[in-house]
Amino acid sequence: MCGIVGYIGKADAPTVLINGLRRLEYRGYDSAGIAILDEGRIVVSKAPGKVSVLNEQARSAWPAARFDRCTTGIAHTRWATHGPPTEVNAHPHLDQSGEIAMVHNGIIENYRSLRVRLEAKGHQFHSETDTEVLVHLIGEYDRGDLFQAVCDALHQVEGTFGIAVLSAREPGKIITARRGSPIIIGVGDGETIIASDAAAILAHTQRVIYLDDNDIAVVTAESVDIRDLHNIPVTREIAELDMDAAAAGKGGFDHFMLKEIHEQPDSLGNAIRGRLDFNQGSSVLAGMGTSQRELAELRRVVLIGCGTSLYAGLVGEFAFEDLADIHAEVQQAAEFRYRNPILGSRDLVIAISQSGETADTLAAVREAKQKGAFVMSLCNVVGSTIARETGRGVYLHAGPEISVASTKAFTCQVAVLLMMALKLGRGRRFSRDDGMRFAKEIENTPALVGRVIQQNARIAEIAAAYAHHEHAFFIGRGPMYPVAMEGALKLKEISYIHAEGFHAAELKHGPIALLVQGTPIIAIACDIPGKSKTLGNIEECRARGARILGIVTEGDDEAAASMDDFITIPRCHPLVATIPAVVALQLLAYHIARLRGCEIDQPRNLAKSVTVE
Ligand code: G6P
């Protein structure tokens, strides 16, 4: 989704800003732009399409000297919300005077009424965006104090924003503020970098300040002065980023997605390390911040998330019920606060979010807190808004996930949910021996995933038989049902094949009508309870001409014989088996998308972190 970079310091700002935008490309966007301060004037360059287009445009249109002498600027990648991804709608936008430039993430909900008000005062707008309205409002309030003007304007707006504002009348500073959309300030040596995502800061410094909602900061090359919207100073700690620049590179793989799939033995190792207690047959998850007694008193677990994180939650639902005998349910985060969730202090709400910034999940967290539930998060990005607002939870430690299609975050989410369920289970039905056995199973997940990754070349060959279809259906039952849905999501996200995940038993209640000769059915038919029924459902599909690709357990010749093609996963506990099974589907989706020539890491229309509701 939209990305912000701002720079003020000693280096060539256009180059720093464009490199910063490149670091944000993974988030998904459809146009880009940059504004710099050059000899007392704001100069803007914007272009639909990729950052590389913007770079070429700026380098051919601007004199080389401009790159050398400009040390202040702001830049943006835009994921269209209000108006199509054209040059005129791209950020930065200028105020009426052309002397103030702004980039913005989020949505100004009352922009229409503000626009009418400003038009009545003679303002002329060039774009369809809500952002242009906000920068005009700032210009309207500017009486020689940009900071105050931004405060005054922000008091007028409803909605969400992360902004960076630059004025030709007040060089030497950038004003930045946030409400509901992240802003991180990198504190360098004689330079300061503002970004909506730490990835754009890494190359400069590891020392960062996370703004909280309604914080507004005056940033210079040497200082960061943070206040609230009433001009009262606030103190925010400097934190150390825990990722290094190397982790944000492709490491020799053709795509970030392939790299991240291959990283899973390591990322799972990191997610698990030090968190299994073999002595007690339990897990140690200090971030949960709960006593065993509080856990014993819990009445229900509610898992919330969106997209891939939602499907991880669905696996978690099985785990909490199976291992801990506790009622568990999954709720789609966007719906949560609109449906009067019945919650109390004995309900544990777990917000699952790789980025920790998804607007729907964040809104659900706030609702759950308001209702007095026991709320915790399961995030990957350290210091993200959801992680900070929940205050308790467990980090995935999966490392930066750059590819828009989530892979290693899913497997680490499932691993952590299994550890949470184990912890709850030990306070309830699980004996120490049961717990020890299950802890061993979790510990083994990196090796299980490694065995699937070894089949990469074979999976690439199998993919060729499925790459030319326009529809594909994934089926599974029990914990493999969410795996089927996640497999279908991966395939549709990156290959644009219409793919759906169904419960294997549900197929005959409607979807089976879609089958024609050769329709691909991807059946997760590993050796877990219910397998024989799934094999029966496969026969129903075969009888209607479908081509079957099975995910089967190593050594299960009966299941393998039912398939046209198969990929194996090692024998393990049915809940643990979700992890290697999904890795097989990730590789399948990857190779199909590659064969179809798709842009794998940045699929069309998608964003890595969706910060609008
Ligand atoms: C977007 C991404 C998905 C992701 C979902 C939830 O839609 O494209 O890959 O699963 O957001 O993101 P989160 O960061 O909350 O896990």
Side-chain angles (χ1 to χ4, degrees), residues 1-7 13-38 41-62 66 70 72-96 98-108 111 115 123-139 159-166 174 176 181 183 194-197 200 599 602 604-612:
M1 198 145 260
C2 303
I4 289 176
V5 190
Y7 179 79
T15 304
V16 170
L17 292 169
I18 286 170
N19 286 342
L21 291 184
R22 286 201 178 102
R23 291 286 188 191
L24 302 185
E25 285 194 289
Y26 78 96
R27 298 170 63 88
Y29 69 102
D30 29 44
S31 58
I34 175 170
I36 46 169
L37 211 50
D38 187 18
R41 279 188 318 122
I42 300 260
V43 186
V44 177
S45 183
K46 311 198 280 191
K50 296 290 172 197
V51 172
S52 56
V53 177
L54 173 73
N55 185 38
E56 275 166 34
Q57 178 177 295
R59 285 188 190 276
S60 59
W62 291 351
R66 181 168 286 164
C70 291
T72 309
I74 54 178
H76 193 257
T77 47
R78 172 173 185 256
W79 187 79
T81 56
H82 296 71
T86 55
E87 180 181 342
V88 73
N89 284 333
H91 304 202
H93 288 284
L94 300 176
D95 78 324
Q96 182 78 4
E99 293 186 328
I100 302 177
M102 187 180 82
V103 291
H104 165 224
N105 288 356
I107 291 183
I108 306 301
Y111 82 105
R115 182 169 170 146
H123 286 253
Q124 284 176 351
F125 293 95
H126 306 285
S127 77
E128 296 160 66
T129 65
D130 50 341
T131 303
E132 194 184 12
V133 175
L134 178 54
V135 70
H136 273 242
L137 191 63
I138 293 170
T160 54
F161 53 80
I163 55 169
V165 188
L166 187 63
I174 298 173
T176 182
S181 198
I183 291 287
I194 297 161
S196 53
D197 181 321
E599 224 182 295
Q602 293 158 40
R604 72 178 176 219
N605 302 342
L606 296 184
K608 180 75 183 153
S609 162
V610 178
T611 48
V612 294

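In this chain, residues are counted from 1 in sequence order. Just so you know, these numbers use all the heavy atoms, side chains as well, and skip hydrogens, waters and symmetry mates.
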- Task: Would you check if there is a donor-acceptor pair between the side chains of Arg59 and Asn55 at a distance under 3.5 Å?
- Result: yes

- Would you mind reporting whether His76 and Ser31 have side-chain heavy atoms less than 4.5 Å apart? no

- Query: Backbone N or O of Ala164 within a donor-acceptor pair of the Thr176 side chain at under 3.5 Å?
  - Reply: no

- Item | Any donor-acceptor N or O pair under 3.5 Å, side chains Asn89, Thr86 | yes

- Query: Can you find a heavy atom in the side chain of Phe161 that is under 4.5 Å from one in the side chain of Asn105?
  - Reply: no

- Distance, nearest 0.5 Å, that separates CD1 of Ile108 from NE2 of His82: 9.0 Å

- Item | Stepwise side chain to side chain contact (heavy atoms under 4.5 Å, CB included) test for Val5 and Val16 | CA-CA 9 Å; Val5 190; Val16 170; 5.7 Å; no

- Query: Of all heavy-atom pairs between Pro14 and Cys70, which one has the smallest distance, and what is that distance?
  - Reply: CD-O, 3.9 Å

- Item | Close side-chain approach of Lys46 and His91, heavy atoms under 4.5 Å | no

- d(Thr15 OG1, Tyr7 OH) to nearest 0.5 Å is 10.5 Å

- Item | Closest non-hydrogen atom pair between Gly139 and Ile100, with its separation | CA-CD1, 3.9 Å

- Of all heavy-atom pairs between Ala200 and Leu24, which one has the smallest distance, and what is that distance? CB-CD2, 3.9 Å

- So do the side chains of Leu37 and Ile42 get within less than 4.5 Å of each other, counting heavy atoms only? yes

- Is Glu599 salt-bridged to Lys50, going by a charged N under 4.0 Å from an acidic O? yes

- Task: Answer whether the closest heavy-atom distance between the side chains of Trp62 and Ser45 falls below 4.5 Å.
- Result: yes

- Can you check whether Val44 reaches Ile34 side chain to side chain, under 4.5 Å on heavy atoms? no

- Task: Would you give the length of the straight line joining atom CD of Glu87 to atom CD of Gln57, rounded to the nearest 0.5 angstrom?
- Result: 5.5 Å

- Can you find a pair of side-chain heavy atoms, one from Ile194 and one from Ile183, that are under 4.5 Å apart? yes

- Item | Distance in Å, Ser181 OG paired with Ile107 CD1, rounded so as to fall on 0.5 Å steps | 9.5 Å

- Task: Kindly give the heavy-atom pair with the smallest separation between Ala90 and Ala32, and that separation in Å.
- Result: CB-O, 4.1 Å

- Could you go step by step and tell me if Asp95 and Met102 meet the side chain to side chain contact (heavy atoms under 4.5 Å, CB included) rule? CA-CA 8 Å; Asp95 78 324; Met102 187 180 82; over 6 Å; no

- Note on the structure: Tightest non-hydrogen contact, residues Leu94 and Ala101, listed as CD2-CB, 3.6 Å

- Message: Set out, in order, the CA-CA distance, both residues' side-chain angles and the distance that settles side chain to side chain contact (heavy atoms under 4.5 Å, CB included) for Ile163 and Leu134, then state yes or no.
- Response: CA-CA 10 Å; Ile163 55 169; Leu134 178 54; 4.1 Å; yes

- Message: Under 3.5 Å, is there a donor on one side chain and an acceptor on the other for Thr129 and Thr131?
- Response: no

- Query: Can you check side chain to side chain contact (heavy atoms under 4.5 Å, CB included) on Asp30 and Trp79, steps first, answer last?
  - Reply: CA-CA 5 Å; Asp30 29 44; Trp79 187 79; 4.2 Å; yes

- Which word best sums up how the rings of Phe125 and His136 line up, parallel for under 30°, tilted for 30 to 60°, or perpendicular for over 60°? tilted

- Query: Just wondering, do Thr77 and Val51 contact through their side chains at under 4.5 Å, heavy atoms?
  - Reply: yes

- Straight-line distance of Ile18 CD1 to Arg23 CZ, nearest 0.5 Å: 15.0 Å

- Message: Between Gln96 (side chain only) and Gln124 (backbone N and O only), is there a donor and an acceptor less than 3.5 Å apart?
- Response: yes

- Atom of Ala13, atom of Thr72 and distance for their closest heavy-atom approach: CB-N, 3.5 Å

